[in-house]
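Data first, discussion second: the structure below is written as structure tokens.
Atoms within a ligand are numbered from 1 in the order they appear, just like the ligands themselves.
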Amino acid sequence: MKIDILTVLPELLESPFQHSILKRAKEKGLLEIRVHHLRQWAVNEYGQVDDYQYGGGAGMVMMPEPLANAIEALSKEAHYDEVIYMTPDGSLLDQRMSNQLSLKENILIICGHYKGIDQRIRDQFVTLEVSIGSYVLSGGELAAAVLVDTIGRLLPGVLNDETSALFDSFQDDLLAPPVYTRPADFRGAKVPEILLSGDPKKIEDWRHEQSLQRTQERRPDLLEP
Ligand code: ADE
């Protein structure tokens, strides 16, 4: 899978993809991430990519020309299955959306800044608008990093144990069960006996039970049809 990201702050995206699972995905050739500086397509030699908004009001708006030129230039190299705009008024990211996006070949992610991007770019180029939660970030970069992380770990062959993503929270609309490691007795708090029983069926049933209980307590909305 190939992911292109358009941003005015490429520095913010230097570290998130260089560690752990995403690093491995890139090294295995399963994921390619390219971060593009929008100022390459600035409207003048001062690197301008934003301007005042029509109708007045505080805050700048990202201009349509640099974005359109960038999207068109990048589209010559790859056909994008989705052009995604990270924005707090987009569709809320969830595991289902990540699963669907992990099946795509090429995606382009646009990181907004200031007051956002000119509406005409949203109308003419963007195919999916994504929010990572009901709060406002300073820009779309951290949201893009979250989105890429959730997608990258789902690509076949990325996780060592292929089944492990299947048991993540949300993968079956349930939160993950509690987990324990050594020691079996930590300051008097014991690991549940059943996990030491060596009986895989009993352990699986217990985990499912715990998942259900946790979901009921913490996220009853996930259990609604
Ligand atoms: N940009 C600013 N806030 C955001 C959010 N919550 N989700 C996605 N992009 C954003």
Problem - SB check D118 R120 (cutoff 4.0 Å) - result: yes
Practice task
Would you confirm whether D81, through its side chain, and K104, through its main-chain N or O, come within 3.5 Å as a donor-acceptor pair?
Solution key: no
Practice task
Enumerate the residue pairs fulfilling side chain to side chain donor-acceptor pair (under 3.5 Å) with a member in residues 128-149, sequence neighbours excluded, ordered by first and then second residue.
Solution key: T7-E141, H113-E141, R122-E129
Practice task
Could you tell me whether K2 and E77 make a salt bridge, using a distance below 4.0 angstrom between a side-chain N and a carboxylate O?
Solution key: no
Problem - R207/D205 ion pair, N-O < 4.0 Å - result: no
Pairs under 3.5 Å, N/O atoms on ligand 1 and on the protein: can you put them in a table with the distances?
from: ligand 1; atom 1: 3 (N); to: L137; atom 2: N; distance (Å): 2.9
from: ligand 1; atom 1: 6 (N); to: G133; atom 2: O; distance (Å): 3.1
from: ligand 1; atom 1: 6 (N); to: Y135; atom 2: O; distance (Å): 2.8
from: ligand 1; atom 1: 7 (N); to: I132; atom 2: N; distance (Å): 3.0
from: ligand 1; atom 1: 9 (N); to: T87; atom 2: N; distance (Å): 3.2

Exercise for the section: Please indicate whether K28 has more than 12 foreign heavy atoms, meaning atoms of other residues, nucleotides or ligands, lying under 6.0 Å from its NZ. Expected result: yes
